[in-house]
Amino acid sequence: MKLASNNDNDEQLQYYRLPGEVSLSEAALEYAREFAEALSATGPSSKWLVSIDWGIARSTQYPDGTVEDHGPGLNLGGDRRERYPAAALHDGSGFQFAVAIPNEVLDASEKRLIDYDPSVFGNLIVR
């Protein structure tokens, strides 16, 4: 089944996890679904897409200028759908999302599972 996208550039697929390569726990899927609703990314015709991406350096800068380093991990975000190859889109039962996790991170995981964990920065973790 081909999902809607204006970008079918297979060369970009190397950056994304294809459906079946990684799964989301029910809690992570619900977290992403709530974000999709806030983004109005609620279907294949939406111009917005939920993205779950691995960041190697994540930090928060506070108004007083201090910076808190959070280290590498997953980020939940939104982006324009046309930037993502159609083959990289996952079905979230009512919304679509894309996942970008480097091979070495996914290969080191035991379950190849993205889970919701409110104790970590970004609330998502690879298990």
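All values derive from a computational prediction rather than experimental measurement.
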### Task
Could you identify which residues cluster with Ile125, counting Ile, Leu, Val, Met, Phe, Trp and Tyr as linked when any side-chain heavy atoms lie under 4.5 Å apart, either directly or through a chain of such contacts?
Val120
### Message
Tell me every residue that passes side chain to side chain donor-acceptor pair (under 3.5 Å) with Thr66, counting only those two or more places apart in sequence or in another chain.
### Response
Asp64
### Message
If hydrophobic clusters are built from ILVMFWY residues whose side chains come within less than 4.5 Å, do Val99 and Tyr15 share one?
### Response
no
### Message
With clusters defined by side-chain heavy atoms of hydrophobic residues (ILVMFWY) lying less than 4.5 Å apart, directly or transitively, does Leu124 cluster with Ile56?
### Response
yes
### Query
How long is the span from the OG atom in Ser51 to the CG atom in Asp79, to the nearest 0.5 Å?
5.5 Å
### Query
Does anything in residues 53-62 pair up under salt bridge (Lys or Arg N to Asp or Glu O under 4.0 Å), and if so which pairs, sequence neighbours excluded?
none
### Task
Let me see the working for Leu113 and Val126 under side-chain contact (heavy atoms from CB on, under 4.5 Å), right down to the final yes or no.
CA-CA 6 Å; Leu113 174 74; Val126 179; over 6 Å; no
### Query
For Leu13 and Ala87, which heavy atoms make the closest approach, and how far apart are they?
CD2-CB, 4.0 Å
### Query
Under the ring pair (Phe, Tyr, Trp, His ring centres under 6.0 Å) test, which residues partner Phe95, sequence neighbours left out?
Phe97
### Message
Minimum heavy-atom separation for Leu106 and Glu21, please, with both atom names.
### Response
CD2-O, 3.8 Å
#### Entry: From CG (Asn123) to CG (Leu76), nearest 0.5 Å
8.5 Å
### Query
Which ring pair (Phe, Tyr, Trp, His ring centres under 6.0 Å) pairs, counting each pair once, include a residue from residues 24-45, with sequence neighbours left out?
Tyr31-Tyr116
### Query
Can you name the nearest heavy-atom pair linking Ala98 to Leu49, along with the distance?
CB-CD2, 3.9 Å
#### Entry: Set of salt bridge (Lys or Arg N to Asp or Glu O under 4.0 Å) partners for Asp107, sequence neighbours left out
Arg112
### Query
Transitively linked via ILVMFWY side-chain contacts under 4.5 Å: Tyr16 with Leu89?
yes
### Summary
d(Arg80 CZ, Ser46 OG) to nearest 0.5 Å is 9.5 Å
### Message
Tell me which pairs pass ring pair (Phe, Tyr, Trp, His ring centres under 6.0 Å) where either residue lies in residues 43-77, with sequence neighbours left out.
### Response
His70-Phe121
### Summary
Sorted by chain and number, sequence neighbours left out, side chain to side chain donor-acceptor pair (under 3.5 Å) with Asp69 holds for none
### Query
Of the non-hydrogen atoms in Ala32 and Val50, which two are nearest, and what is the gap between them?
O-CG2, 4.1 Å
### Task
Please name the pair of heavy atoms, one in Gly78 and one in Leu39, separated by the smallest distance, quoted to 0.1 Å.
CA-CD1, 3.6 Å
### Task
For residues 114-126, pull every pair meeting salt bridge (Lys or Arg N to Asp or Glu O under 4.0 Å), keeping only residues two or more places apart or in separate chains.
Asp115-Arg127, Asp117-Arg127
### Query
Quick check: are there more than 12 heavy atoms from other residues, nucleotides or ligands sitting under 6.0 Å from CD of Glu110?
no
### Query
Side chains of Ile52 and Ile114: closer than 4.5 Å at any heavy-atom pair?
yes
### Query
Leu24 and Val105: same hydrophobic cluster, using ILVMFWY side-chain contacts below 4.5 Å?
yes
### Task
Give every residue pair that meets the salt bridge (Lys or Arg N to Asp or Glu O under 4.0 Å) criterion with at least one member in residues 23-38, sequence neighbours excluded.
Glu30-Arg33
#### Entry: Glu68 side chain near Gln61 side chain, heavy-atom distance below 4.5 Å
no
